[in-house]
Amino acid sequence: MDSMQHDAERLERMSGMLKRRGVILPAFEIHGGAKGLYDFGPVGGRLRNRVNQTWINHWLSLGNIVELSCPTVTPYAVLEASGHVGEFSDFMTVCGQCEEASRADTLLEDAHSNPDALTLGELQDLLDSAQPCCPNCQTIDWSPITAQNLMFNTTIGAGSSGRPGFLRPETAQGMFTSFPALLRHNRDRLPFGAIQVGKGYRNEISPRQGMIRLREFNMAELEYFFNPHVDQNHDFSQWSNTKMELIPDGQDTIKLSITEALEANIVRHSTVGYFMAQTYDFLLKVGIDPERLRFRQHEADEMAHYASDCWDAEILGSYGWIECVGIAHRGCYDLEAHEKATGKTLRARREFEEPKVVEIDGWTIDGATAGPVFRALAGAVKKAVESLDAQTAFPLSLTLPTGEEIEVKAEHVKRVQRTETITGEWYIPHVVEPAFGIDRIIWHILDHAYDERAKDGENYTILRLSEHVAPVDYCVFPLFEKDGMGQLARDIHKTLCASRGIVSVYDSSGSIGRRYARADEIGVPKCITVDHQSLEDQTVTVRDRNSGEQKRVHINDLV
RNA sequence: GCGGAUAUGGUGAAGUGGUAUCAUAGGAGGUUUCCAACCUUUUGUCGUGGGUUCAACUCCCGCUAUCCGCACCA
């Protein structure tokens, strides 16, 4: 059997198991289902939560990270400022002959140097004049251009007072717009990070490949704000022996430690490198196989225009190499964009090592005399006078930018001479953003954990989940439900359930082997069995999922 | 969005113009001294809307969803 066939059959069996055991299910199935929307079932919901929590804990442990939660409903203006309204729109036109839909800017690439930047009206004019032929059938018969936005539209508020909005396409913008509160919370000290786990929405034209491209998805993003003028001094020592697989822009795969990659300038920024290494650790923690993990650098033309370096973590699974994390150096792009749109200050203060002493010597107008004389022109005159050299002599004839000729007399101006000490400046922090596609990561966790082995000629399935993310921690079985074994097992189960953060499942039906099999299939790490000996000495057997080995443990030592 | 294929218990499959079979799974009871054993019993299905017909799961049309290409996209 060729391996493609083998993989397809494995994928089919795995999907069946995920459905049957309530891990991943098509959403709204009794109503016929909905494309690009999935449920995490009773087992999957728990798994997703554990992945999220592991992610949150991973970053909180850095010490300067805060978690926040912003709305998914987002006003139009926010996403216009961030560039999403422009970036996430495609201008489509349909061929009247073959009905093939094409992007207008792609059709007009020969007719314009940068059609991507044009507005709908400009594109329409250009399409009418350039008359490109259909790449599919070569005819020229285009429908009017329509804007197709990949964001879900909504209206915030009712009736005529409602204003336009979108469901957010990423969680990041809320963290940028809350920057003033974040800075205050961190008492004006950088660097710091903000994390958010939540839903994002993109109205994909064609969701495909199961959980890989969804219309509503779980994302987890970190925005790390830092001062670009100072060295971040990241400590890379814990990764000195960790070789990561890297694909630099336009080059072949190499294996390097993150320090080596930075020294060779393959990874161009130390903070990007630092988050690549942290991301590597996180992915291994939740059970991604390091042999099926690599980092790929964005090519220059693929990179968003604001990013100076961008790496994707790609994971190999049933659908090939899939981008699951994007780590981008976004510079000051986002904060600056929101500053421009709102006029608010989204900056941090940095103090100079040495205060700068500036001698100011020049002129300004004397409002009491110049005001009445120049009236409406006074503002322009002030500006002109303040740009004059300290040696200027008055009276003086000046031509204003507006063309007026005026005469400035000595009594209209006064000399300004003072010494200012500037101790620092306001700057826009730079941002490195690791953005995680949680659904894609969960898919690959399951894919890497799903293990089928032949047992007595049949497939036996074990989900080898990491203990960090296993949906159920313990299964408790009485060997037989009699002689008090059932009661003791139920007591143990209750105690476990009452323990913080522990999920236990009690199961007494079927043979003991069947129960182990059920537990293995959803990746329960430990099974506890109460047998006859338990009744005498209060010990139980604890079976390890991966090795099948059993240890006798006193029930007081279980947790 | 285009083209092709598909849609039957929870899961995987067979089948027919007269409402359906098998495997597996689930529940209850029994049996069993630890890895899907066995016995009894029970639960549950033709994606959706319309048409043809005395009668449609079966034939026809639309819709939705799934899979594979192309296109699109992070």
Side-chain angles (χ1 to χ4, degrees), chain A residues 4 8-9 11-22 25-38 41 87-88 90 92-95 98-103 106 135-137 143 146 148 150 169-170 200 202-210 212-215 217 219 296 298 302-304 310 312 314 319 322-326 328 435-437 440 455-462 475 477-483 485 507-521 527-535 540-545 547-550 552:
Chain A
M4 288 271 288
E9 286 174 8
L11 179 59
E12 219 163 84
R13 285 191 302 272
M14 183 168 90
S15 303
M17 185 279 279
L18 295 176
K19 233 175 137 175
R20 181 162 36 83
R21 298 305 306 271
L25 315 157
F28 312 118
E29 203 181 12
I30 63 168
H31 286 279
K35 217 172 189 174
L37 300 175
Y38 278 86
E87 281 290 307
F88 273 62
D90 285 335
M92 306 295 291
T93 180
V94 178
C95 173
C98 67
E99 298 197 321
E100 177 88 358
S102 297
R103 282 175 58 166
T106 310
N136 192 43
C137 69
S143 73
T146 54
Q148 182 146 10
L150 292 181
E170 58 173 34
R202 292 181 194 179
N203 204 356
E204 297 286 352
I205 296 170
S206 179
R208 279 292 174 83
Q209 298 176 301
I212 302 302
R213 181 168 303 141
L214 300 171
R215 289 196 165 127
F217 47 94
M219 57 198 323
R296 194 178 68 82
H298 277 211
E302 177 186 25
M303 207 142 54
C310 189
D312 287 343
E314 297 183 330
Y319 296 107
I322 298 289
E323 170 210 339
C324 294
V325 184
F436 291 66
R440 290 181 175 188
K455 190 174 182 184
D456 304 327
E458 302 225 347
N459 265 339
Y460 188 91
T461 302
I462 302 181
C475 280
F477 308 141
L479 189 55
F480 307 109
E481 200 163 35
K482 63 179 185 188
D483 304 334
M485 283 184 272
D507 188 356
S508 66
S509 76
S511 71
I512 192 73
R514 175 179 297 253
R515 283 177 266 165
Y516 284 139
R518 276 197 284 249
D520 286 342
E521 198 175 38
C527 291
I528 296 168
T529 302
V530 172
D531 57 13
H532 292 92
Q533 190 181 331
S534 309
L535 300 172
V540 291
T541 63
V542 177
R543 167 189 177 270
D544 179 77
R545 178 195 64 209
S547 66
E549 282 169 17
Q550 297 188 13
R552 285 209 86 86

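What you are looking at is a predicted structure, and each value in this text was computed from that prediction instead of being measured. Chain A is the first sequence line, chain B the second, and so forth, proteins listed ahead of strands; every chain is numbered from 1.
The nearest whole Å value for the distance from the NZ atom in K455(A) to the C1' atom in rC34(B) is 11 Å. Distance R543(A) CZ to rC35(B) P: 10 Å, rounded to the nearest Å. Between the NE2 atom of H31(A) and the C1' atom of rG47(B) there is a distance of 13 Å, rounded to whole Å. In this entry the distance linking CZ of R215(A) with P of rA74(B) reads 15 Å, nearest Å. Note: CD1 (I30(A)) to P (rG10(B)) measures 12 Å, nearest angstrom. A straight line from CZ of R20(A) to P of rG9(B) spans 14 Å, rounded to a whole angstrom. Put simply, NZ on K19(A) is 13 Å from C1' on rC67(B), counting in whole angstrom units. Rounded to whole Å, the distance from CG on L479(A) to P on rC35(B) is 9 Å.
Taking all atoms of both residues into account, the shortest heavy-atom contact from G326(A) to D312(A) is CA-OD1, 3.5 Å.
Separating the P atom of rG18(B) from that of rA28(B) is a span of 38 Å, rounded to the nearest Å. Look at the C1' atom in both rA55(B) and rA13(B): the space between them is 28 Å, to the nearest Å. Annotation: rU48(B) and rU43(B) have their P atoms spaced 23 Å apart (nearest Å). The C1' atoms of rG44(B) and rA23(B) are separated by 15 Å, rounded to the nearest whole Å. Comparing rC46(B) with rA14(B), their C1' atoms are spaced 13 Å from each other, to the whole Å. Here, rU6(B) and rG47(B) have their C1' atoms 12 Å apart, quoted to the whole Å. Taking atom P on both nucleotides, rC60(B) is separated from rU52(B) by 16 Å, rounded to a whole Å. Annotation: rU40(B) and rU31(B) have their C1' atoms spaced 11 Å apart (nearest Å).
When distances run from any side-chain atom of R518(A) to the nucleotides rG27(B), rC34(B), rA74(B), the shortest one goes to rG27(B). Each of rC34(B), rA65(B), rA37(B) was ranked by its minimum atom distance to the side chain of K35(A); first place goes to rA65(B). You'll find that the side chain of E521(A) is closest to rA36(B), out of rA74(B), rG27(B), rA36(B).
The residue G510(A) sits apart from the nucleic acid: no heavy atom pair falls under 4.0 Å. Within the nucleic acid shown, Q550(A) comes within 4.0 Å of at least one base atom, counting heavy atoms only. Nucleic acid contact for F477(A): none, since no nucleic acid atom lies under 4.0 Å from a heavy atom of the residue. Counting non-hydrogen atoms under 4.0 angstrom, R514(A) reaches the backbone sugars and phosphates but no base.
The shortest side-chain heavy-atom distance between V542(A) and Q550(A) does not fall under the 4.5 Å cut-off. For the pair I512(A)/L479(A), a side-chain contact is recorded, criterion being any heavy-atom separation below 4.5 Å from C-beta on.
Under a 4.0 Å N-O distance rule, the pair K19(A)/E29(A) qualifies as a salt bridge. Under a 4.0 Å N-O distance rule, the pair R296(A)/E323(A) does not qualify as a salt bridge. Under the 4.0 Å criterion applied to side-chain N and carboxylate O atoms, R543(A) and E549(A) are not assigned as salt-bridge partners.
Listed for the R440(A) side chain is a donor-acceptor partner under 3.5 Å among the backbone atoms of I212(A). Checking side-chain atoms of R515(A) against main-chain N and O of C475(A) turns up no donor-acceptor pair under 3.5 Å.
The 5' end of RNA chain B is approached more closely, in terms of each residue's nearest nucleotide, by A517(A) than by the other of Y38(A) and A517(A). Taking the nucleotide of RNA chain B with the nearest heavy atom to each of R202(A) and G16(A), the more 5' of the two is matched to G16(A).
Taking the six-membered ring where the residue is Trp, F477(A) and Y516(A) present perpendicular rings, their angle passing 60° and hence far from 30°.
Phosphate contact (OP1/OP2 of rC34(B), side-chain N/O of T541(A), threshold under 4.0 Å): absent. For rG26(B), neither phosphate oxygen OP1 nor OP2 lies less than 4.0 angstrom from any side-chain nitrogen or oxygen of S509(A).
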In dot-bracket form, how is RNA chain B paired, counting a Watson-Crick or G-U wobble pair only if both its distances are under 3.5 Å and using | for bases paired to another strand? (((((((..((((....[..))))((((((.......))))))...(((((..]....))))))))))))....
